[in-house]
Amino acid sequence: MTQNARTIKVDFLARVEGEGALTIRYKGNEPKSVELVIFEPPRFFEGFLRGRSQLEVPDITARICGICPVAYQMSSCHAIEDAAGARITPEIRALRRLLYCGEWIESHVLHMFMLHAPDFLGYPDAITMAKDHGDLVKASLRIKKAGNAIVNLLGGREIHPINVCVGGFYRAPTVSELRTLLPELMGSKTALAELMPTLAGLPFPDFERPVELVSLKHPDEYPFNEGRLVSNRGLDISVHEYERHFEEQHVAHSTALHSVHLGHGPYVVGPLARFNLCFDQLRPFAKRAAEAANLVPPLLNPFKTLLVRGVETLHALDEAIAIIEAYRQPASPRVEVPVRAAVGMAATEAPRGTLYHRYQVDAQGLIEDAKITPPTSQNQKSIEDDLFAIAKRLPEMPHDAATKLAEQTVRNYDPCISCSTHFLRVRLEHE
Amino acid sequence: MKAKKPKLAVFKLASCDGCQLSLLDCEDELLAVAGAVEIAYFLEATSRIVKGPYDLTLVEGSITTEHDAERLRLIRKQSKKLITIGACATAGGIQALRNFADVAEYARVVYARPDTLKTLATSTPVAAHVAVDYELRGCPVDKRQLLEVLNAFLNGRPPRIGSHSVCLDCKRKGTVCVMVAHGTPCLGPVTHSGCGALCPSYTRGCFGCFGPSASAHPAALRPALTQLGKTEAEVARLYATFNAAAPAFAAEHQSLAKRKEPTT
């Protein structure tokens, strides 16, 4: 930072989904406060859901986010099935996991290579990066496409899939349709495994901050659609107890709601949390790749989430292949979902972390009340805490490098500000 | 001398990011597109920002704040050609459900301190505020159509995109009619083409993502939908989604909202 600079300004934080602003205030060289300001216009989805049929919910909630619509559809379906007391078949469960694999692959690869890697390699974007690292960018596009192909086939299209319904799917794919996905999934798995050593060699800032990590955990599988909510600080609850332990708070500087773990404070959801809490449930292929890259729990450097996304993508590719190879077309693509007055809740693991939904349904099957807690609002306070910690280093650094590091710190979380947001502006103010 | 590449800008208003993501989802064409244009402003993809004026501007999202309305006027001034992408930018999107309700009530449902929010009572399309050169439909847009529009504008020709109904696309694809064969209510007869008649090919009725087709007459479809078991309230809700404020759809759900729930 130059001697006479009182304020560092980065007008636009790019390569995040949505727009907001960030202000770091200093007194001398000491950071005084950090505010991640989210001012995407408020979007009122919980309000829109009132009075809609329970069957319409997954199509409406998908529109909260174009990046992770599958996550919204999955949490919606499971929560409504919970209210109705419906149980899906193992075949539908496997297809849902497959669909989630597709979304994890395309969303993680988008973030790793197009949004995050340019920070580490010093480019404004993946397209410019392609001039010097063409093979890397082309390989990433191939892997991303393989993930999108799953969502496209099983969901009907990549963004806002049409084939998902409460109870299952409108149409289950045939065995031969699904098998057409195998060659590219296998090729992508090999291609990504080969890229992991390159990624592990990126210059990761030396940074760790002790945090509470929260994710779903299932005894036999890496978590997608079900499990208990656990943390590295002793939390172990059913999803039904979520609202007794976590509370969203409306802060004036943001149209997103901040979430806190009551009696504990801010926490982190997403790849870092899942990796640390569910390492043993990773598929052996992904676990070996992690160990080869020196990634083992406890891993608390948020910059290394890029590598964790790589491990999770390998897991998703490997699991997708296994599901397709074992697939038999179910007799019925969906189960009947009865109508009854009840409250249902569910959490699933979106690429960015735990996504909690609760619906209160009346005797006609209409929604009376809805509550949706996206991963980014749960991570928002921790992003600010990371920034506060990193802000102490910034005054020692050249202007450009300081602002870039602040932006990169936000990007570690792949914040999906669209789940509630707009412009992200970074401003460092000095008193 | 090498000709200067046209400058492409992508802006976002109130939206889910899905339509601009469609561009990044063109995995096979992305590097070719990036080679044909200079990506001058596209915050979701690049931190590099090139000043306007822009030759071609894509706008995603609807106007729901005074701030965005002002921003849009500035964007228009900087843009030679402006194309809206998707249902939000073209019809106000799902956010336009507020146009038919009390926005203060919505704010109380979602936020503990609604007094701190700055939002308009309506969600309006881009064309309600500035001149638009082309409107691409869909929630989300179809990426083949997005590429076609880019291609057309970069080559100074009109886009080859039809405004007929989804019904015609089902016939072309050879998809069996879900209404006739399965008794599944479907908005295909009144919905704008563009998705490739996706839902009927998954044995699902169309639910109107692309808004009304050029000659849509939803009132004429109403008896067919109710004969297949939809109540009038359900029919109204079918139109009150992602294109709720598109005139033909708005007229139908508002006309139904004025009637009493039938007792049959």
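Chain identifiers are assigned alphabetically (A, B, ...) following the order of the sequence lines, protein sequences preceding nucleic acid strands; residue numbering begins at 1 within each chain.
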(Q) Within the structure provided, determine whether B:Arg237 and A:Leu366 are in side-chain contact (heavy-atom separation under 4.5 Å). (A) yes
**Q.** B:Thr184: partners by side chain to side chain contact (heavy atoms under 4.5 Å, CB included), with sequence neighbours left out
**A.** B:Val178, B:His182
Q: Examine whether an atom of A:Leu55 lies under 4.5 Å from a heavy atom of chain B, and if so say whether it belongs to the side chain, the backbone or both; otherwise answer neither.
A: neither
Q. Below 4.0 angstrom, N of the basic side chain to O of the carboxylate: do A:Asp59 and B:Arg204 qualify?
A. yes
Q: Take B:Glu234 and A:Ser53, measure what side-chain contact (heavy atoms from CB on, under 4.5 Å) needs, and give me the verdict at the end.
A: CA-CA 8 Å; B:Glu234 285 168 343; A:Ser53 157; over 6 Å; no
Q | A:Arg142 portion near chain B, given a 4.5 angstrom heavy-atom threshold | A | neither
Q) Is the backbone of A:Pro124 close enough, under 3.5 Å, to the side chain of B:Ser47 for a donor and an acceptor to pair up by distance? A) yes
Q. What are the two closest non-hydrogen atoms of B:Leu24 and A:Lys144, and how far apart are they?
A. O-NZ, 3.0 Å
Q: Between chain A and each of B:Leu30, B:Asp142, B:Leu120, B:Asp25, count heavy-atom pairs under 4.5 Å; write down the option with the most.
A: B:Asp25
(Q) I'd like to check B:Leu31 versus A:Leu141 (side-chain heavy atoms, cut-off strictly below 4.5 Å). Are they in contact? (A) yes
Q: Provide the closest heavy-atom pair for B:Tyr202 versus A:Leu154 in the form atom of the first, atom of the second, distance.
A: CE2-O, 4.3 Å
Q | Nearest non-hydrogen partners of B:Arg48 and A:Asp125, listed with the distance | A | CB-OD2, 4.4 Å
Q.
Can you confirm whether B:Cys16 sits close enough to A:Ile64 that some side-chain heavy atom of one is under 4.5 Å from a side-chain heavy atom of the other?
A. no
Q) Side-chain contact, heavy-atom cut-off 4.5 Å: B:Pro140 with A:Arg157? A) yes
Q | Rounded distance [0.5 Å steps], OG1 in B:Thr46 versus OH in A:Tyr123 | A | 13.0 Å
Q.
Run the side chain to side chain contact (heavy atoms under 4.5 Å, CB included) test against B:Cys139 and tell me which residues pass, sequence neighbours left out.
A. A:Arg63, A:His160, B:Ala87, B:Cys209, B:Phe242
Q) Between A:Lys371 and chain B, which part of the residue has a heavy atom less than 4.5 Å away: side chain, backbone, both or neither? A) neither
